[in-house]
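Start at 1 and go down the list; that is how both ligands and their atoms are numbered. Here, residue 1 is the first one in the sequence, and each next residue gets the next number. What's counted below: heavy atoms across the whole structure, side chains too, no hydrogens, waters or symmetry copies.
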Amino acid sequence: METVDVRKIRKKLEKDLDHKRFEHTLGVAYTACALAMCHQADIGKAQIAGLLHDCAKCMDNEKKISICQKQNIPITDIEKKNPYLLHAKVGCYIARKQFHIHDKDILNAVLNHTTGRPEMSPLEKIIYIADYIEPGRKHAPNLSEVRKLAFKDIDAALLKILKDTLEYLKSIDSPVDPATQQTYDYYIKRDHTNKKQEV
Ligand code: DGI
Ligand code: FE
Ligand code: FE
């Protein structure tokens, strides 16, 4: 991977994000590093992907939509109705254009950090999970269980987060992005398959 100036990235993010989001970002970056150490993934990539995952979060909705239109990034119906979902797609674009990151795995980790996707790479799983369990997160159910599980069985932690997220979205009547549902369906199926193979 090309050399990346982590300090420079952090400095720009401090300007682009509000204080709370910047603190969350640092939390995700170091939680992602810890997960990478535990699961033998690339620590440098985990740090950069963690730092950049929410780089477009503080941009207003009009700006996110106009970037998508200018860059021919497709906006789905569900994203039209819930434009905050676009911070992942736009974040991936900003990571490339403004932070000069070209590593596919890092860009995918930013792109898929909100909904997940079937067949996530180890780095994508790490960012998805770190986003949910970083120390600043307080409100999700089963947090202490998921935090422990993340360092023991990464796929079990992933599945638990997907399940709790779907339950949460249903409880607040928020529409589920097909990508979130497909990710859950994929990993639940794999979970059953693995269990069948064990006996
Ligand atoms: O940006 P963050 O708040 O750090 O975290 P995130 O990008 O994972 O976004 C979390 C929010 O996204 C959380 O409130 C659940 C929501 N979310 C995840 N999947 C879906 C979703 N919201 C909708 N409407 N549909 C989804 O499929
Ligand atoms: Fe996010
Ligand atoms: Fe986040």
Record the part of Asp131 in heavy-atom contact with ligand 1 below 4.0 Å; permitted values are side chain, backbone, both and neither. side chain

Is there a donor-acceptor pair closer than 3.5 Å between any side-chain N or O of His113 and the backbone N or O of Val110? yes

Pi-cation contact, Tyr184 with Lys163 (under 6.0 Å, within 45°): no

When you measure from the heavy atoms of His87 to every atom of ligand 1, does any distance fall below 4.0 Å? yes

So which heavy atom in the protein is nearest atom 14 (O) of ligand 1, and how far is it from that ligand atom? Tyr168 CE2, 4.0 Å

Quick note on ligand 1: atoms under 4.0 Å from a heavy atom of Val176 include exactly 25 (N), 27 (O)

Between Arg21 and Asp18, is the side chain to side chain contact (heavy atoms under 4.5 Å, CB included) condition met? List the steps. CA-CA 5 Å; Arg21 186 57 46 180; Asp18 64 40; 3.3 Å; yes

Starting from Leu85 and following side-chain heavy-atom contacts under 4.5 Å between hydrophobic residues (I, L, V, M, F, W, Y), which residues can be reached? Ile78, Tyr84

For a quick check under 3.5 Å, do Asn112 and Glu124 share a side-chain donor-acceptor pair by atom type? yes

So that I can tick it off, tell me whether Asp131 and Arg137 are bridged by a salt bridge, with the cut-off set at under 4.0 angstrom between side-chain N and carboxylate O. yes

Atom 18 (C) of ligand 1 has as its nearest protein heavy atom Thr114 O, 3.6 Å

Between Arg21 and ligand 1, find which residue part has any heavy-atom pair under 4.0 Å and reply side chain, backbone, both or neither. side chain

Return a yes/no value: protein heavy atom under 4.0 Å from atom 20 (C) of ligand 1? yes

Which protein N, O or S atoms does the Fe ion (ligand 2) have within a distance shorter than 2.8 Å? Asp54 OD1, His87 NE2, His113 NE2

Check: Lys63 main-chain N/O paired with Ser66 side-chain donor or acceptor under 3.5 Å: yes

When distances are taken from atom 3 (O) of ligand 1, the protein heavy atom at minimum range is Lys57 NZ, 3.3 Å

Before signing off on this row, confirm whether Asp54 and ligand 1 have an N or O atom pair separated by under 3.5 Å. yes

Short list, please: which atoms of ligand 1 are under 4.0 Å from a heavy atom of Ser174? 24 (N)

Contact region, Arg137 to ligand 1, non-hydrogen atoms below 4.0 Å, reads side chain

Run Arg117 and Asn108 through side chain to side chain contact (heavy atoms under 4.5 Å, CB included) and show every step you take. CA-CA 10 Å; Arg117 67 161 173 127; Asn108 273 333; 4.2 Å; yes

Between His24 and ligand 1, does any nitrogen or oxygen pair lie at a separation below 3.5 Å? yes

Below a 4.0 angstrom heavy-atom separation, can you tell me which part of Thr180, side chain or backbone, both or neither, approaches ligand 1? side chain

Pair Arg10-Leu26, side chain to side chain contact (heavy atoms under 4.5 Å, CB included): steps then yes or no: CA-CA 9 Å; Arg10 222 185 278 127; Leu26 298 181; 3.7 Å; yes

Residue, atom and distance of the protein heavy atom nearest atom 22 (N) of ligand 1 read Tyr84 OH, 2.7 Å

Is_contact(atom 10 (C) of ligand 1), protein non-hydrogen, under 4.0 Å: no

Nearest non-hydrogen protein atom, atom 25 (N) of ligand 1: Pro175 O, 2.9 Å

Leu35 vs Lys125, test: side chain to side chain contact (heavy atoms under 4.5 Å, CB included). Steps then yes/no. CA-CA 10 Å; Leu35 287 169; Lys125 289 178 191 173; over 6 Å; no

Tightest non-hydrogen contact, residues Tyr30 and Pro135, listed as OH-CG, 3.7 Å

What part of Leu169, side chain from CB on, backbone N/CA/C/O, both or neither, has a heavy atom under 4.0 Å from ligand 1? side chain

Could you verify whether a donor N or O on one side chain and an acceptor N or O on the other, from His53 and His24, lie under 3.5 Å apart? yes

Has Asp42 got a side-chain atom pairing as donor or acceptor with Lys45's backbone, closer than 3.5 angstrom? yes

Can you check whether Glu134's main-chain N or O pairs, donor with acceptor, with Arg147's side chain at less than 3.5 Å? yes

